[in-house]
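Worksheet for the structure shown next.
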Amino acid sequence: MRVLVAVGLSALVTAVVVAQGQYVQVADITIGGPLPAQWDYLTPDPAGKRLYVSHNAEVVVIDTATDKVVGRIADTPGVHGIAIGAGHVFTSNGREGKVSMVDPKTLSTVRKIDSGGANPDAITFDARTGAVWVFNHTGMSATQIDAASGKVLATIPLTGTAESGQSDGAGHVFVNIEDKDQIDVIDVAGKKVTASWPVAPGASPTGMALDNATHRLFVGAGRVMVMMDAASGKVVASVPLCAGTDATWYDAANKLAMSSCRDGKITVARVDGDKMTVVQTIDTAVGSRTMGLDTATHKLYVAAAKPNASGGRGYDPESFHVLVYAMK
């Protein structure tokens, strides 16, 4: 009987792993020029069935049901990130130090908001508090904006250069500090940083995801992805990463943490309690350091472009496209 039970459990575990499958490329969405192929974050909107792609001085809008470009948000110079919430789309415009507040129906800009610091980079919306947080990279600060009105509520100094961040909706915001190899913890009520947590064995943290259900942070930090306790800051697990990471996402339904890298790879790790195991390395395109995860379809979106044919710096503008990956 014990042998039969053991065999049965083994078969069940195998079936679960097979059912989860592996990511494969399922689409290639052409965007093209004429703007130079410069990009940063991609943000899916699962409810609206859209994907927002940063592209130099515009945001390209894609219908994720058809994989077609359906519009563009203009006048977003040096756009880095996109956040969706409270009936608006928000973009962080690095070259002008502003946040665009956009009507998602018309894709027209409602107003522009001072970001409170130089080079606004990552941006996120917290549905629990109705706040947008923008992280000013060289400005070394985080700015809180009321998403309904566009009013700036606070600008909070950080300990170094800011990369991505996440709000837990319960009074704390976590921010990757790239030049200090740590995470700053903001006390929202006190409007100040109250702790700084090292990400060792990682370094130079960039991408961040937060699973509020388990109170775990997932951070792409150099050649390592670390999982941290969001209550104590303790690093509880880590796995090796591809090279040149800049975005990290967590798929709570499938218990998968993933980081995309400049070397044309995505490292995918399964999370089992406080253990992480690398289960796949996805081939993408060299230079494709950022990605977006649609939490409804579980598809991954990766921006890419081909190097200039002349051999010069940069990419061919007309080659800008988005690679789509789904689990099979």
Side-chain angles (χ1 to χ4, degrees), residues 40-54 57-61 70-158 162-176 184-194 208 210 212 292 295:
D40 203 348
Y41 295 107
L42 302 87
T43 302
D45 175 12
K49 293 183 171 57
R50 284 183 168 186
L51 172 70
Y52 295 88
V53 183
S54 61
E58 67 178 7
V59 174
V60 180
V61 186
V70 293
R72 298 172 189 254
I73 300 171
D75 190 25
T76 60
V79 60
H80 285 283
I82 306 100
I84 302 123
H88 296 99
V89 176
F90 298 86
T91 71
S92 53
N93 309 333
R95 288 202 295 266
E96 68 175 0
K98 293 185 182 296
V99 171
S100 291
M101 185 176 182
V102 177
D103 182 336
K105 294 180 180 178
T106 64
L107 302 184
S108 60
T109 300
V110 176
R111 63 182 297 189
K112 287 196 174 184
I113 305 158
D114 287 334
S115 69
N119 193 16
D121 194 345
I123 188 169
T124 188
F125 171 69
D126 183 357
R128 289 147 294 195
T129 62
V132 168
W133 287 88
V134 60
F135 307 105
N136 302 303
H137 183 74
T138 51
M140 296 186 290
S141 61
T143 296
Q144 181 189 27
I145 300 168
D146 177 72
S149 66
K151 179 183 178 181
V152 173
L153 302 177
T155 296
I156 301 166
L158 300 170
E163 277 287 321
S164 58
Q166 297 289 338
S167 171
D168 67 0
H172 301 94
V173 175
F174 308 96
V175 190
N176 282 333
D184 277 1
V185 183
I186 297 173
D187 173 6
V188 176
K191 310 295 184 190
K192 62 182 180 179
V193 172
T194 55
M208 177 190 288
L210 170 64
N212 263 321
T295 54

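Here the side chains of Ile73 and Tyr52 are in contact, with some heavy-atom distance below 4.5 Å. Counting only heavy atoms from C-beta outward, the side chains of Val132 and Met101 never approach each other to under 4.5 Å. Looking at heavy atoms from C-beta onward, Arg50 lies out of side-chain contact with Ile84 at the 4.5 angstrom threshold. In this structure, the side chains of Asp114 and Val152 stay at 4.5 Å or more apart for every pair of heavy atoms.
Contact between His80 and Pro120 at its shortest, heavy atoms only, is CD2-O, 3.1 Å. Closest approach of Phe90 to Gly85, counting heavy atoms only: CE1-O, 3.6 Å. In terms of heavy atoms, Ala86 sits closest to Ala147 at CB-CB, 3.6 Å. The shortest non-hydrogen separation linking Ala162 to Asn136 is CB-O, 3.7 Å. The minimum heavy-atom distance between His88 and Val110, with the atom names listed, is CD2-CG2, 4.4 Å. The minimum heavy-atom distance between Ser92 and Gly81, with the atom names listed, is OG-N, 2.9 Å.
For NZ of Lys49, the number of neighbouring non-hydrogen atoms (other residues, nucleotides, ligands) closer than 6.0 Å is 12 at most. Within a 6.0 Å radius of NZ in Lys192, no more than 12 heavy atoms belonging to other residues, nucleotides or ligands are found.
Between the Arg95 side chain and the Ala57 main chain, no donor and acceptor come within less than 3.5 Å of each other. Proximity of a side-chain donor or acceptor of Gln166 to a complementary backbone N or O of Met208 within less than 3.5 Å is detected. With Asp146 contributing its side chain and Ser149 its backbone, the two residues share a donor-acceptor pair below 3.5 Å. Between the Thr76 side chain and the Glu58 main chain, a donor and an acceptor come within less than 3.5 Å of each other. Judged by distance alone, with hydrogens and angles left aside, the side-chain atoms of Ser100 form no donor-acceptor pair with the main-chain N or O of Thr91 at under 3.5 Å. In this structure a side-chain-to-backbone donor-acceptor pair under 3.5 Å is present from Ser115 to Gly97.
Checked against Ile145 for a side-chain contact (heavy atoms from CB on, under 4.5 Å), the options Thr155, Ile123, Val99 give a single hit: Val99.
Residues passing the ring-ring contact (aromatic ring centres under 6.0 Å, His included) test with Phe125, sequence neighbours excluded: none. Remark: Asp168 engages His172 in a side chain to side chain donor-acceptor pair (under 3.5 Å) (not counting sequence neighbours). With sequence neighbours left out, the side chain to side chain contact (heavy atoms under 4.5 Å, CB included) criterion links Glu163 to Tyr41, Asp121, His137, Asn176, Glu178, Thr206, Asp246.
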Practice problem: Let me see the working for Val173 and Gln144 under side chain to side chain contact (heavy atoms under 4.5 Å, CB included), right down to the final yes or no. | Solution: CA-CA 10 Å; Val173 175; Gln144 181 189 27; over 6 Å; no
Exercise. Using the side chain to side chain contact (heavy atoms under 4.5 Å, CB included) rule, take Val89 and Ile82 through it: C-alpha gap first, then chi angles, then the decisive distance, then the call.
Key: CA-CA 7 Å; Val89 176; Ile82 306 100; 3.5 Å; yes
Practice problem: Apply side chain to side chain donor-acceptor pair (under 3.5 Å) to the pair Ser167 and Asp126, showing each step before the final yes or no. | Solution: CA-CA 6 Å; Ser167 171; Asp126 183 357; 2.6 Å; yes
Quiz item: Would Leu158 and Ile186 satisfy side chain to side chain contact (heavy atoms under 4.5 Å, CB included), going step by step from the backbone distance to the final call?
Solution: CA-CA 9 Å; Leu158 300 170; Ile186 297 173; 3.9 Å; yes
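Inspection of the Ser108 and Asp103 side chains reveals no N or O donor paired with an N or O acceptor under 3.5 Å.
How far CG of Asp75 is from NZ of Lys98: 10.5 Å, rounded to the nearest 0.5 Å. Going from atom OG of Ser54 over to atom CG of Asn93 covers 10.5 Å, rounded to the nearest 0.5 Å.
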